[in-house]
Amino acid sequence: MDDTGMTEKANVNSKALDSLPTRIAASLAERIIRGALKPGDRVRQDEVASDFNASHVPVREAFRQLESRGLLVSRVRKGVYVSPLDQASLVEITRMRAALEVLALRYAIPNLSNEDIALAEKLSKQADSSKDMSTWEDANRRFHLCLYRPCEMPRVLHGIETLHEARLRYMYATATIIDWNPTSQDEHREIIAAVKARDIARACSLLEKHIVEAGDVLLAASGALSA
């Protein structure tokens, strides 16, 4: 085999190895977000490696990815655990969302196309007609992100995605306590109207109010959950 062939094979093998930690992290993240793995549960490296027929190397990398996303915490000499759901973290998540999403929308509005706005309207209607929380939340998340994506700030967008993931844990944990679709689409329609008018100040004000009020609902519900 010539050097080119060896290089191509090495690249393929490298990509395969790189994707395994990502697949492991995605599977564990889904279980954590939906509550199959509960706050405080220990996540054992040996068990995860066995489940995925993998060595400890990709499992450790998956754990690092999940720690950086706030889903796992590592305790010295004690192992790795699912991170807690506490009210202080929820307040932080809400404040960070309000700051980053308003920032993204402010810079996205001048770049939003008619197609972007039409997609936002479509996703808002999809959320309106959703029959379960998972479907509603998917449409809701896509609605927000389609309005932010033209801001052309990838670090901000990555942070927003991570915060949505963190918030979703609280959504699933409180799903039996609160209505998961409280007047959200009316607020979405108001935001879209302001975006259409290119009224940046009003759109950003409406978005901040929308995020803070949704956070307050989750905060009250999480308090009832821990009471």
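What's counted below: heavy atoms across the whole structure, side chains too, no hydrogens, waters or symmetry copies.
- For the pair L157 and C151, the minimum side-chain heavy-atom distance is below 4.5 Å.
- No salt bridge links K125 with D128; every basic N to acidic carboxylate O contact stays at or beyond 4.0 Å.
- Looking at heavy atoms from C-beta onward, V82 lies out of side-chain contact with K38 at the 4.5 angstrom threshold.
- I211 places none of its side-chain heavy atoms less than 4.5 Å from the side chain of E208.
- Remark: R141 engages D138 in a side chain to side chain donor-acceptor pair (under 3.5 Å) (not counting sequence neighbours).
- In this structure a side-chain-to-backbone donor-acceptor pair under 3.5 Å is missing from S124 to A120.
- The environment of CZ in R95 is sparse: at most 12 heavy-atom neighbours from other residues, nucleotides or ligands sit within 6.0 Å.
- Side-chain heavy atoms closer than 4.5 Å link hydrophobic residues (I, L, V, M, F, W, Y) into clusters, and following such links, even through other members, never connects L71 to V73.
- L85 and M96 end up in the same hydrophobic cluster when Ile, Leu, Val, Met, Phe, Trp and Tyr side chains are linked at under 4.5 Å.
- Shown here is Y172, whose OH atom has more than 12 heavy atoms of other residues, nucleotides or ligands within 6.0 Å.
- For the atom pair E121 CD and N114 CG, the distance stands at 10.0 Å (nearest 0.5 Å).
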Can you give the donor-acceptor pairs under 3.5 Å from side chains of residues 49-58 to other protein atoms, not counting sequence neighbours?
from: S55; atom 1: OG; to: V57; atom 2: N; distance (Å): 3.4
from: H56; atom 1: ND1; to: Q45; atom 2: OE1; distance (Å): 2.8
from: H56; atom 1: NE2; to: D46; atom 2: OD1; distance (Å): 2.8

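- In this structure, the separation between CG on L37 and CG on L72 is 8.5 Å, given to the nearest 0.5 Å.
- Distance check: K122 NZ to L119 CG gives 7.0 Å after rounding to the nearest 0.5 Å.
- Formation of a donor-acceptor pair under 3.5 Å by the Q87 side chain with backbone atoms of L219 is found in this model.
- Closest of all the heavy-atom pairs between V212 and A98 is CG2-CB, 4.4 Å.
- By the salt bridge (Lys or Arg N to Asp or Glu O under 4.0 Å) test, R31 pairs with no residue at all, sequence neighbours left out.
- For the salt bridge (Lys or Arg N to Asp or Glu O under 4.0 Å) condition, no pair includes a residue of residues 103-120, sequence neighbours left out.
- In plain terms, the two heavy atoms of A25 and Q65 that are nearest each other are CB-OE1, 3.4 Å.
- Rounded to the nearest 0.5 Å, atoms CD (E92) and CG (D86) are 9.0 Å apart.
- Partners of K209 under the salt bridge (Lys or Arg N to Asp or Glu O under 4.0 Å) rule, at least two apart in sequence or in another chain, are E213.
- Here the side chains of I191 and L147 are in contact, with some heavy-atom distance below 4.5 Å.
- Listed here is the closest heavy atom pair of S89 and Y170: CB-OH, 3.5 Å.
- Cluster membership for L66 and Y81, using ILVMFWY side-chain heavy atoms within less than 4.5 angstrom, is not shared.
- For the atom pair H188 NE2 and L207 CG, the distance stands at 8.5 Å (nearest 0.5 Å).
- Between H144 and H210, the two ring planes are parallel [angle under 30°; tilted spans 30° to 60°].
- Remark: E67 does not engage R64 in a salt bridge, criterion side-chain N to carboxylate O under 4.0 Å.
- Counting all heavy atoms, side chain and backbone alike, N111 lies closest to P150 at ND2-O, 2.9 Å.
- For the pair M171/L218, a side-chain contact is recorded, criterion being any heavy-atom separation below 4.5 Å from C-beta on.
- Closest of all the heavy-atom pairs between C146 and L123 is SG-CD1, 4.2 Å.
- Interatomic distance, I109 CD1 to D199 CG, rounded to the nearest 0.5 Å: 8.0 Å.
- By the rule that hydrophobic residues join a cluster once side-chain heavy atoms approach within less than 4.5 Å of another member, Y148 and V156 end up as members of one cluster.
- Closest of all the heavy-atom pairs between A175 and M133 is CB-SD, 4.0 Å.
- Within the structure, side-chain hydrogen bond (donor to acceptor under 3.5 Å, both in side chains) contacts touching residues 157-167 (residues at least two apart or in different chains) are R69-E165, E101-H164, E137-R167, H164-R167.
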